[in-house]
Amino acid sequence: MSQQKKIIISGRPASSGKVVGRVRILVSFKDCSSLFDQEILVTEMTSANFMPAIKKAAAIVTDYGGATCHAAIISRELGIPCIVGTKSATKDLKTGDLIEVDANQGLVSIIKKG
Amino acid sequence: MFKKSQNKIINDYLQAIVQSLNNGGSTVHFWPFGPGQVDSYFIDVFSINIFEKFKNDRQKFKEALLTLNPKVLRWFLIPFVILGIKLARNFEGYQVEKDELVGFVQAVKEVLEQMVRSESFCLDRKNLLLDQEQVEEIVQRQAWWGPENKKVVSFLSVDLESYIWSIDFDLFAYGVFWHGPYITSTKKCLLIKEFVDLNSEIWNLNIPYSKIKIFYLFQNPIEVEIDFMNHIIYKDDIWNQLERVAVEVDGQIIKEITKVEELSLFFSEKREKQVKLVESLSPQELIRKGAVVNYYMFRQFFEYYQESWEVPAEVDHRIKEWGLKYWEEFKQQASSKQPSENFFVKLYSPENSYSG
C-alpha cells in the first residue's frame, strides 16, 4: 500500500517511537471513554484526569507542554510515542484522521483524512 | 545566558533553576490552577513566617528543615520564600537586607549538603540520597522481576503519579520524587522513584498505604539526569535497557506481581474519584485547598517548632476580602506563553527587588 503522507504538524519529541493510527480528539478529560484501544490521543494538554485514555492510546500528541509535562513523563514510562507542544494539533487534525506519529522526529503526517 | 551573581552559591542556585527550565520545566497549563492563582493569597504570609524563623535562630531553622525532603527544600522553599519576601518588602514595607536573603539560601544549601550525597542543587545532574552500602543492600534484598513485568510496574508508576497529581495538584506534586542514578558494584544503574504521603491527611481518603518505592535496575551505562526541580531527563529510550524492577510498599517487598496490578487499580480508582471531587470545587475552595496543600507540605517543619501547620486565619480573610481578583488575573497568565529564563532568574534572585 503506497499512500501519500503529508507532514502537517511538528512539535517536540517527548517519547520516541513511530506509529500509525486513527486520531481521537479529546476536548476534555470527560471524553476519555470515547477513545478506543490503539487510537492516537490528541488534546491540548493532558493532566492526571486523562489516565484512562492514555493507558489505551497508541500515541499522544498535544498542543502544549514541554519535555517534562504530564504527557511526556507518562508516555516515556509507558513506552508510547509522544509529541508535545505542537501548538495546533487539535485544530489541524480531526477525529478519524489516519495519521503517522513520528515521535523520533517530532512530526505528524496525515495518511488519510477521516 | 543569565546575568551571573558574584556570589557562588547564588550563582549555582540560579544556574540550577535555568537548567531545570531548559529541561522543559513548564510554568503554564497546570491543573486545576496555575502559578499565582492560589499562592498570591498566601505567599508573603507563609514566607515571612519561614524567614522570621531563619532570622531568629539559624541553627534551629536548619534542624527543622532536616525534617523535609530535598525536593521540597530546593523548589518549594527557596524560590518561593525569596519571592514572598520580596513581595512583602515591595508592598508591605517588610524590612529585609539583601545579605539576609542570600544567607537564607546559604542556610538551606547547608542543610541540603547534609541530606544529599551529590551536588546539592543537582548541578551534577544527580540526586543521590543513599550511600553505596544502602544501594547494595537494596540490590540484594529486593524481589526483582524481569522485563516481562515492566509494563505492569509502569502502569503502577503512572497511576501513582497521576494519583499524586490529583491530591497535591500539578503545581506542587511534592509526593513523588526520583533519586539516583546510583551505580552498583556490578556496574548496573539503579533509579528509585518514591511516592510519599499517599494517605494525605487533607483529603480523608482513607488510603491504607503511606509510601511506595519503585526500583529500576538498568544495564549500565544509561544516560539519565535528575535536575533541581526533580525532572528526570533522558534523551534515548532508557526503558528498553531496564533489566529488573521491584516494588516496596511501606517497607514491605512485594513478591507477587498480582499485588502490583491490584495497587494500580486501587490508585486508579482513587484518582478518578479525587479528580471528580477537585473538579466540583469552587474557585474559592480551590484557592483554600491550594493553600492547605502548600502548608501541609511543610507540616513536619512547623511541627518541629511545635506549631500548627494549618493555614493562618489571615489567608481565609484574604480569600473572603479579595475574592477572585488574583485567581482571574493569573488565570490569563497561566495559559499564555512561558516567560523567558531571564524573567525567572530576576524573579527568584535574592539579590534584587524584582517581584514580577
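Residue numbers begin at 1 in each chain, while the letters A, B, ... track the order of the sequences. Basis for what follows: all heavy atoms, side chains included, without hydrogens, waters or symmetry-related copies.
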Chain B contact via A/Phe50 - side chain, backbone, both or neither, heavy atoms under 4.5 Å: neither
Engaged part of B/Tyr163 at the chain A interface, taking heavy atoms whose separation is under 4.5 Å: neither
Inter-residue atom distance B/Asp159.CG - A/Met51.CE, 0.5 Å rounding: 4.5 Å
Interchain contact, A/Ile54 with chain B, by part (heavy-atom threshold 4.5 Å): neither
Other residues, nucleotides, ligands: >12 heavy atoms within 6.0 Å of A/Lys113 NZ: yes
Where A/Ala48 and B/Ser166 come nearest, the two heavy atoms and their spacing: CB-N, 4.3 Å
Region of B/Phe169 in contact with chain A, defined by heavy-atom distances below 4.5 Å: neither
Test item: side-chain donor near acceptor, B/Ser154 and A/Glu77, under 3.5 Å: no
Reported NE2-to-CH2 distance for the pair A/His70 and B/Trp31, which is rounded to 0.5 angstrom: 10.0 Å
Chain A contacts, top residue of B/Val158, B/Leu242, B/Val153 (heavy-atom pairs, under 4.5 Å): B/Val158
Note, B/Arg271 side chain near A/Pro52 side chain (heavy atom, < 4.5 Å): yes
Backbone of A/Ser47 reached by a side-chain donor or acceptor of B/Trp165 within 3.5 Å: no
pair B/Glu161-A/Ile73: side-chain heavy atoms closer than 4.5 Å: yes
Neighbour count >12 (heavy atoms, 6.0 Å) for atom NZ, B/Lys211: no
Side chain / backbone / both / neither for B/Ile232 at chain A, heavy atoms under 4.5 Å: backbone
Reported NZ-to-CG distance for the pair B/Lys151 and A/Leu78, which is rounded to 0.5 angstrom: 6.0 Å
B/Glu279, part contacting chain A, at a heavy-atom distance under 4.5 Å: side chain
Which of B/Lys193, B/Lys276, B/Gln274 touches chain A most, by non-hydrogen pairs under 4.5 Å: B/Lys193
Greater than 12 external heavy atoms within 6.0 Å of B/Lys289's NZ: yes
Enclosure of B/Phe343 CZ (heavy-atom neighbours >12, cutoff 6.0 Å): yes
B/Asn240 side, atom CG; A/Ser16 side, atom OG - distance, nearest 0.5 Å: 8.0 Å
